[in-house]
Each structure stands twice: as structure tokens, then as C-alpha cells.
Protein chains: 4
Amino acid sequence: MDTALRIRSAAMRLFADQGYAATSIRSLAAALHMTNAGIYHHVTSKEALLADLMRAGQLGLTDATDRMLTGRRDPAERLATLISSLTAVHALYPMTSRVMDGELRSLTHGSSARDEIIALRDLYEQRWKSALADGVEQGAFRIADRKLTRLALMSMCTGTSEWYRPDGESTLEQVCAEFVTIGLAAVRSSAQVTMRLDLTLLPDYPWEPHVDPRVAPAGRPAP
Amino acid sequence: MDTALRIRSAAMRLFADQGYAATSIRSLAAALHMTNAGIYHHVTSKEALLADLMRAGQLGLTDATDRMLTGRRDPAERLATLISSLTAVHALYPMTSRVMDGELRSLTHGSSARDEIIALRDLYEQRWKSALADGVEQGAFRIADRKLTRLALMSMCTGTSEWYRPDGESTLEQVCAEFVTIGLAAVRSSAQVTMRLDLTLLPDYPWEPHVDPRVAPAGRPAP
Amino acid sequence: MDTALRIRSAAMRLFADQGYAATSIRSLAAALHMTNAGIYHHVTSKEALLADLMRAGQLGLTDATDRMLTGRRDPAERLATLISSLTAVHALYPMTSRVMDGELRSLTHGSSARDEIIALRDLYEQRWKSALADGVEQGAFRIADRKLTRLALMSMCTGTSEWYRPDGESTLEQVCAEFVTIGLAAVRSSAQVTMRLDLTLLPDYPWEPHVDPRVAPAGRPAP
Amino acid sequence: MDTALRIRSAAMRLFADQGYAATSIRSLAAALHMTNAGIYHHVTSKEALLADLMRAGQLGLTDATDRMLTGRRDPAERLATLISSLTAVHALYPMTSRVMDGELRSLTHGSSARDEIIALRDLYEQRWKSALADGVEQGAFRIADRKLTRLALMSMCTGTSEWYRPDGESTLEQVCAEFVTIGLAAVRSSAQVTMRLDLTLLPDYPWEPHVDPRVAPAGRPAP
DNA sequence: TATGAATGAGGATTCATTCAT
DNA sequence: TATGAATGAATCCTCATTCAT
């Protein structure tokens with residue numbers, strides 16, 4: 001029905017699977033049973049299509065994160081929230097995440113689109129920076145190198161887009177809980193944070209097929 | 001002088017920076033002040049070039065890892081070694097690492113080269129699997145989901161190829177130490193492992209510019 | 001107007017004149033006042049273009065032959081028909097004939113297209129084999145070596161594509177008559193066959209310029 | 001040993017099998033376990049190599065023909081000789097024959113090599129023309145169209161390079177005898193010519209593997 | 001909206017050939 | 001003699017994009 005969405009959906013899949021550079025407009029059209037030219041009625045250019053997807057992805061992540069952070073003051077809680085949400089987004093929306101994390105280099109250097117995405121990314125990372133800074137300032141965290149810690153934790157979270165499978169051993173909630181534990185250990189926090197992951201706050205990426213993470217693997221009901 | 005090496009070196013840089021698909025033989029030749037055709041005197045095909053680099057990368061990693069693991073029985077020590085070496089390789093050889101981690105999809109599905117790389121990768125991961133398995137068996141580790149734990153820790157280590165800078169706040173040794181701490185926490189190990197990173201055991205990737213990690217960042221002499 | 005036909009037409013001429021391997025898509029495009037890429041809008045590949053032409057050529061020959069053979073039982077008549085039609089087709093459609101006879105080697109060994117053409121060729125040769133076999137069986141022909149006889153006669157007929165000129169000394173009908181005579185002599189047939197060559201039954205190769213064979217050479221009106 | 005001959009030998013095979021245009025110097029070198037450059041020590045250029053082979057081929061044919069014609073005055077005998085020798089050469093040296101007959105178009109238009117080959121070819125055809133002319137003049141032959149007759153007979157003879165197999169049903173001598181019979185019938189000659197094919201007079205093409213035609217197929221001794 | 005046709009630029013790869021060693 | 005390296009031109013084909021219909 002919504003052709004524009006179908007295009008974004010197929011594009012996202014192809015970009016995630018083969019990479020932007022390796023994906024041709026022709027193959028995208030073929031995947032949609034369209035013609036080359038047909039695509040161009042809904043899309044300005046291949047690069048604009050990528051930029052659109054990345055922008056929407058970043059905005060969705062930041063917005064969702066802000067929704068989840070609402071009302072939280074405690075640095076440990078905020079860190080736990082950041083870890084959980086970033087993990088959940090990467091686990092549930094692996095295609096969007098892989099494109100967001102890996103295709104920045106495909107946007108023309110110096111283009112406004114590229115600068116915009118970078119700005120959005122910085123905006124998001126601000127949440128991590130401030131949570132860590134506050135934690136250190138308040139004496140709740142003990143960190144040798146803030147940048148190192150942040151990047152290491154973020155790597156751990158984003159890594160899930162590469163390997164998380166909804167039908168794997170662990171529930172998404174278990175993964176998040178585990179990562180939160182690791183994260184708090186990394187900042188030497190003594191806090192005990194039990195996150196309840198509110199999935200309704202996660203971004204809704206209409207172009208990515210929805211995966212229900214609440215379906216625990218068979219025979220392994222969440223405790 | 002060694003033209004073959006110069007080609008591999010330039011190819012590695014371009015593949016790492018722009019991605020394999022976005023790198024043309026023409027641009028590779030231009031970077032080397034050669035002609036298109038000249039490249040083909042030393043290289044069978046673009047894909048073979050990629051496969052060569054990936055194969056050599058994987059072999060180097062596995063070999064180095066095995067050298068570092070030599071004589072170690074204790075699971076905690078082995079895990080610490082795995083974390084340190086994987087981190088160090090990704091930090092010191094970010095181009096090779098990014099290509100190894102991200103360009104598998106560029107090898108033609110079903111090609112023997114691809115299958116070979118996958119086999120080499122599995123071979124490497126075996127080291128992690130057995131270390132974790134032994135740790136659990138001996139009661140030294142407590143892990144809910146082995147696969148999850150392994151992949152999360154590996155993500156953390158490999159992440160360094162994206163952000164580690166030799167002139168950053170932390171020494172490579174500090175990063176490794178931090179990651180080892182996090183890793184041991186992740187497996188609920190009570191062991192106190194102090195790794196001494198023997199850089200002479202790391203792989204020697206002749207196509208990647210050597211970075212001296214012992215050069216501590218300015219004003220921060222290693223203790 | 002019909003671009004696809006214009007392409008096939010020009011391709012046939014070039015393939016016939018220079019050979020398939022010596023004909024580049026560029027030169028084909030140039031002959032058509034098109035661009036390289038434009039050709040590919042109508043053609044899958046250079047080899048597919050050749051295969052198309054050869055397939056259509058073979059089908060046209062077999063169909064025409066079957067039309068001309070319709071209702072004929074007598075082996076001598078059938079042989080005369082085969083000689084006449086093969087000669088006429090090679091004389092009137094020399095480009096198609098040369099490509100059909102000489103470019104089989106240009107089709108990739110093992111390709112389905114190649115196998116198909118070979119099958120079609122075998123199908124055609126069946127007409128010759130059965131005519132000769134029947135003639136021998138009925139005692140109408142006396143032949144030492146059937147294969148030898150068939151191939152020699154076919155060579156004679158196909159040879160016309162190399163030298164027949166509509167404005168030469170002899171009418172096509174005369175050539176056919178002569179060849180029929182020779183052919184019947186070759187099989188020691190005592191039959192007197194007068195073929196009336198019905199040109200409307202010949203294949204219509206739309207890509208090959210039509211030559212009117214009824215135009216008798218100047219000063220030599222057909223009797 | 002004689003590198004130049006080995007090259008010509010391999011070239012002849014490749015040119016005959018794949019065609020001149022489809023044969024690369026590289027593949028020729030590969031077939032000889034040589035390098036590209038190595039070829040050029042013995043050969044001026046690819047085209048010169050072809051021209052050499054064609055020239056030697058034509059000279060060999062003409063010389064052999066003249067040897068066989070020596071002392072023969074009778075047109076029927078001369079025609080029989082021409083048919084036999086042309087047939088034998090094409091049957092015994094199919095590669096050379098195919099190249100001679102089919103690759104003239106590969107010689108650059110206007111090149112002296114091309115003109116030379118054409119002249120040699122004309123020289124050879126002179127033998128046919130004069131035999132036919134003499135036969136007609138002396139009232140021994142009755143021919144409607146001399147050119148037609150000549151070309152048809154020559155086509156029949158040259159066709160053997162495409163299908164003759166030394167281990168086939170018929171001996172080369174039988175093929176020649178058959179063709180002579182057909183040829184004499186074609187010119188309405190009443191002569192009974194029994195050719196004895198003296199194979200020692202045939203050209204010796206040192207680059208083409210020698211096939212012994214006297215070896216009659218197993219179980220079919222020549223009568 | 002959608003498409004068939006077209007195009008200029010560029011993709012990877014091979015060409016015949018040269019030349020210093 | 002022979003070769004490894006190199007090259008400019010050409011190979012077939014695909015690219016993203018445009019435009020008249």
C-alpha cells in the first residue's frame with residue numbers, strides 16, 4: 001500500500017544485508033517488483049534514501065531514550081536505562097542499527113545530510129556523557145577514563161545487532177539485565193538497579209519487521 | 001619496492017575506510033600511482049585481494065592468540081588472555097580488524113574463499129568457547145548464557161577498532177586491564193588476573209602501519 | 001522503430017562480416033548510433049544476442065524445410081527438396097547462414113543456449129538422415145557411406161553462403177537445379193526430379209535484408 | 001626444441017578451435033607454458049603470426065597441387081587431381097585448412113600481408129579455372145556456369161575439414177574417389193578417372209600433427 | 001504514478017605490446 | 001633468450017539518473 005514505506009523497508013533490508021555501496025537501485029526495484037524509474041517517484045536519490053533512514057533511525061533512538069530517561073535523576077539508573085535501551089534497540093532493530101552504525105561513511109563528506117546525522121549522533125551520546133559525568137561528580141561512579149568506559153559499554157550494547165536472536169537462549173530482558181550488571185561493574189557502582197524494560201517506549205521503526213521479544217524461548221518461561 | 005605488499009597495504013586502508021564495495025580498483029591504483037592494469041599483475045581479482053587480506057588477518061589473529069595462550073591452563077587466565085589479545089589486535093590493527101569483522105558479506109556466497117574464512121573464524125572462536133566451557137565446568141565461572149556472554153565480551157573487545165586512539169587518555173594496557181576486569185566480572189570470576197601484554201607475540205600485519213602502543217600519551221608517563 | 005530488431009539486424013551483419021569475437025558491443029552501438037548502455041536495454045548480453053540469432057535461424061530453417069517437405073514421400077524428391085531449400089537459405093540469407101554455421105564455437109561450452117542450438121541442429125539433420133536412409137532402404141539410392149555423402153552434399157549447399165551473388169551468372173533456381181542433379185548423381189539415383197522452388201515457403205529472417213532472387217541477372221531472362 | 005615451431009603449432013590449434021579473434025596471446029603462452037613476453041621473441045605480432053601460418057598454408061597447398069598436376073594434360077585428370085588434393089589437404093590438415101579458409105577477414109584490410117594471401121589464393125584458384133576452361137574448350141566438359149561449378153566443387157572439398165575423421169567409415173581414398181565421381185558428373189564428363197592419391201606429394205605442415213590416412217578403420221581393410 | 005528507453009560515467013577485467021633486467 | 005612488470009586502450013557490462021510518454 002504505502003509505496004514509500006515499502007521502498008524504505010526493502011532498502012533497509014538490502015542496505016543492512018549487503019551494505020549501501022553494494023546495493024543498486026536496480027536490485028532494490030527488483031526486490032519490490034518495480035522498475036528503476038518507479039523508485040525515483042518516491043525517493044530523491046539513493047543517498048537521500050540512506051540519509052532518510054539514518055535520520056529517522058537516530059531520531060527514533062534519541063526520542064525513545066529520552067522517553068525512558070524521563071524522571072530519572074540517579075546516574076546509576078540513567079546508565080542502566082541507557083544500556084538497556086541501546087541494547088534493546090540494537091537487538092530488536094538490527095537492520096536499522098547496523099545501517100546507523102556502519103553506513104555513516106557512505107554519506108558524502110561535507111554533505112549537509114552527513115553533518116546532520118553526525119549532530120544527531122552527538123546529541124544522543126550526550127546522554128551517556130552526562131550520565132557518566134554526573135555519576136563521577138556525585139561519587140557514585142569510579143572511572144579511570146570516561147571516554148574509554150563509555151565507548152566500551154556502547155560497543156557491548158551495539159554488538160547485539162550482530163548476534164542477538166529472539167529465539168536464542170536468553171530473553172532480551174536477560175541480556176539487558178546482564179549488560180546492566182556489567183556496566184555498573186565497569187563504573188564501580190555499588191547500586192543495584194533492576195530495570196523493567198518498557199518496550200512500548202522503544203522507537204517504532206515502521207520499515208523494520210516487528211519482532212516480539214516477550215516471546216520467551218520455548219520451555220524457558222521468564223521467571 | 002615490494003609492490004604486492006604496497007598494494008595490499010593500500011587496499012587494506014581503502015577497504016577499511018570506504019568499504020570493499022565502495023572501493024574501486026581504479027581508486028586503488030590511483031592511490032598507488034599505478035594503472036588499473038598494473039594492479040592485476042599482482043592480484044588475481046578484487047575479491048581475491050580481499051580474501052587474501054582476510055585470510056592473513058584471521059591466521060595472524062589465531063596464531064598470535066595461540067602463542068599467548070601457550071602454557072595457560074587456568075580458565076580465568078585464558079579468558080583474560082583472550083580479552084587482552086583480541087582487544088590489542090583490534091586497537092593496534094584497526095584497519096585489518098574492521099575488514100575482518102565487516103567484510104565477510106563481500107565474499108561471494110558459496111565461494112571457497114568465503115567458506116575458508118568462516119572456518120578460520122570458527123577456529124578462533126573455539127578458543128573462547130573452550131575457555132568459557134572449562135571455566136564453567138571447573139566452577140570458576142558462573143554464566144547464565146555462554147553464547148551471550150562470549151559474544152558480548154567479544155563485541156566489547158572488537159569495538160576498540162572503532163574508537164581506540166594510541167594518543168588517547170588511556171594506554172592500551174589500561175584498556176586491556178579494564179576489559180579484563182569487566183570480563184571477569186561478567187563471568188562472576190573471583191580471580192585477580194594481572195595480564196602483562198607481550199606485544200611481541202601479537203601478529204605482524206606487514207600491510208598495516210605499525211603503531212607503537214608503548215608510547216604513553218603526552219604527560220602521562222606509564223608508571 | 002523496432003529497436004530490438006534494428007539491433008539484431010546490425011548484430012547479424014557484424015557477426016557475419018567480422019565474426020562474433022571480433023565484434024564489440026561498442027562497434028555495434030556505433031553502427032546503430034546508440035550508446036553502449038543503450039544496447040543493454042534490449043539485450044541481455046552479447047552472447048545471449050548471438051544465441052537468439054542462432055536459435056531463430058535454426059528454427060526458421062527447420063520450419064521452412066518441414067513446410068517444403070510436406071506431402072513428399074519419395075526419397076529422391078525429399079533429397080532434392082533438402083538440397084534446394086538448404087541451398088536457397090544459404091544463398092538468400094548468407095549472413096544468418098554463416099553465423100549459424102560458424103559461430104557455434106562462440107557459445108560457452110556447457111551453456112544451455114549452446115546445448116539448445118546443438119539440439120536444434122541435430123533436429124534439422126534428422127531430415128537428411130531419414131531421407132537418405134529411406135532412399136537406401138527402398139533401393140532408390142546406392143550409397144557407400146551415408147554420413148560421408150550427407151556431409152559432402154550439405155557442405156556443397158552451405159558453401160553458397162560464401163560465394164553466391166544474386167547478380168551473378170546463374171539464377172538461384174539454376175544453382176539449385178544443378179545441385180540437385182549433382183546430389184542425385186551422388187546417391188546413384190536414376191530419378192529425374194524437377195524442383196520448383198517455392199520461395200514463399202522459405203524462412204523469413206526479419207533481421208536480414210531481403211534479396212529478391214527472382215530478379216534474373218541482366219540480359220539473362222529466366223527461360 | 002624448436003620454439004618457433006612449437007608456437008606456430010599451438011597457435012594453429014587455438015586459431016582453428018576458437019578463432020583468431022577469440023585467441024589471446026596470453027592463452028597461447030599458457031598453452032605453451034611460456035610467458036606473454038616470451039612469445040614475442042619469436043613472433044612479431046599476433047597478426048604476423050596468423051599471416052605467417054596462412055602464407056605457409058597457401059604456399060604448401062599450391063606447391064603440393066602443382067607437384068600432383070605435373071605432367072597431366074587431360075582436363076578430366078587435372079580436375080580429378082584438384083579435387084583429390086584439395087580434399088586430402090582439408091581432410092588431413094583440418095586446422096590449417098580452417099584457418100586458411102576462415103580467417104582471411106582477420107587480416108587488417110589493406111595490409112600487405114592480406115594482399116599477399118589473397119594473391120596466393122588467386123594463384124591457387126587459377127589451377128581450377130584453367131582446368132575447367134580447358135575442359136570446356138576441348139569439349140570434354142559441359143558446364144552452364146563455370147564459376148558456380150568451381151565454387152560448388154571447391155566447397156564440397158573444403159567441407160571435409162569440418163567433418164572428416166580418419167577413424168570414420170570411409171578411407172580418405174574412398175572420399176576422394178567419391179568426390180571425383182561427383183565432380184566429373186558435375187561437369188558432364190564421360191571420363192573414367194582413377195586417381196591414385198600419392199600422399200608423399202601432399203604439403204608437409206610441420207605445425208599440424210600428422211595423421212596417417214592409410215590406416216584403414218579397424219576391420220575394414222581397403223579392398 | 002508508473003514505465004520503457006536512453007545515457008554518460010564508471011565498474012572489473014583483459015588486451016596486445018613494450019622494455020629493463 | 002627469457003621474464004616480470006608495466007601500460008594504454010579496449011573489453012563486456014552496470015551504475016544512478018533523467019525524461020518523454
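These figures come from a predicted structure and were not determined experimentally. Hydrogens, waters and symmetry mates are skipped; everything else that's a heavy atom, side chains included, is used. Below, chain A is the first sequence line, B the second, and so on; all start at residue 1.
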Q. On DNA chain F, nearest-nucleotide positions of B/Met34 versus D/His33: which is more 5'?
A. D/His33
Q.
Using the side-chain contact (heavy atoms from CB on, under 4.5 Å) criterion, which residues pair with A/Ala113? Sequence neighbours excluded.
A. A/Ala51, A/Ser111
Q: Can you sort out the partners of D/Asp52 under salt bridge (charged side-chain N to carboxylate O under 4.0 Å, His left out), two or more places apart, ordered by chain and number?
A: D/Arg8, D/Arg55
Q | side-chain contact (heavy atoms from CB on, under 4.5 Å) against C/Ala30, all qualifying residues, sequence neighbours excluded | A | none
Q: Would you mind listing every ring-ring contact (aromatic ring centres under 6.0 Å, His included) that reaches into residues 16-40 of chain B, with sequence neighbours excluded?
A: B/Phe15-B/Tyr20
Q) Taking 5' to 3' order, which nucleotide of DNA chain E is first and which is last to have an atom within less than 4.0 Å of a heavy atom in chain C? A) E/dG4 to E/dG8
Q) Under a 4.5 Å cut-off applied to non-hydrogen side-chain atoms, are C/Met100 and C/Thr96 in contact? A) yes
Q. Considering only heavy atoms, which members of residues 12-23 of chain C lie under 4.0 Å from some atom of DNA chain E?
A. none
Q) Below 4.0 angstrom from OP1 or OP2 of F/dC15, is there any side-chain N or O of A/Ser24? A) yes
Q | C/Ser106: side-chain hydrogen bond (donor to acceptor under 3.5 Å, both in side chains) partners, not counting sequence neighbours | A | C/Glu103
Q. Going by the salt bridge (charged side-chain N to carboxylate O under 4.0 Å, His left out) test, which pairs reach into residues 11-34 of chain D, not counting sequence neighbours?
A. none
Q: Go through B/Met34 and B/Leu28 one step at a time and tell me if the side-chain contact (heavy atoms from CB on, under 4.5 Å) criterion holds.
A: CA-CA 8 Å; B/Met34 283 192 187; B/Leu28 174 58; over 6 Å; no
Q.
Using the rule given for side-chain contact (heavy atoms from CB on, under 4.5 Å), can you reason through D/Trp207 versus D/Ile7, listing the C-alpha separation, both sets of side-chain angles and the distance that settles it, and then say yes or no?
A. CA-CA 9 Å; D/Trp207 55 79; D/Ile7 291 176; over 6 Å; no
(Q) Is the shortest side-chain heavy-atom distance between B/Leu32 and B/Ile39 below 4.5 Å? (A) yes
(Q) Just the rounded figure in Å: distance from P of F/dA9 to CZ of B/Arg26. (A) 12 Å
Q: Fill in the dot-bracket string of DNA chain F, one character per base: . for unpaired, | for a pair to another strand, ( ) or [ ] for pairs within the strand, taking Watson-Crick or G-U pairs under 3.5 Å.
A: .||||||||||||||||||||
Q. In chain order, what residues pass the side-chain contact (heavy atoms from CB on, under 4.5 Å) check against C/Ile118, with sequence neighbours excluded?
A. C/Leu104, C/Arg114, C/Asp122
Q.
Which residues pass the side-chain contact (heavy atoms from CB on, under 4.5 Å) test with C/Ala48, not counting sequence neighbours?
A. C/Thr44, C/Ser45
Q.
If you assign C/Asn36 and B/Asn36 each to the DNA chain E nucleotide with the nearest heavy atom, which residue ends up on the more 5' nucleotide?
A. C/Asn36
**Q.** Nearest-nucleotide comparison on DNA chain E, the residue closer to the 5′ end among C/Ala37 and A/Gly38
**A.** A/Gly38
Q | Separation of atom CG in C/Leu28 from atom P in F/dA10, rounded to whole Å | A | 17 Å
(Q) Expected output is a numbered-order residue list: members of residues 39-52 of chain C with a heavy atom under 4.0 Å from any atom of DNA chain F. What is it? (A) C/Tyr40, C/Ser45, C/Lys46
(Q) Would A/Ser9 and A/Glu208 count as a side-chain hydrogen bond (donor to acceptor under 3.5 Å, both in side chains) here? Give the steps. (A) CA-CA 6 Å; A/Ser9 207; A/Glu208 177 136 8; over 6 Å; no
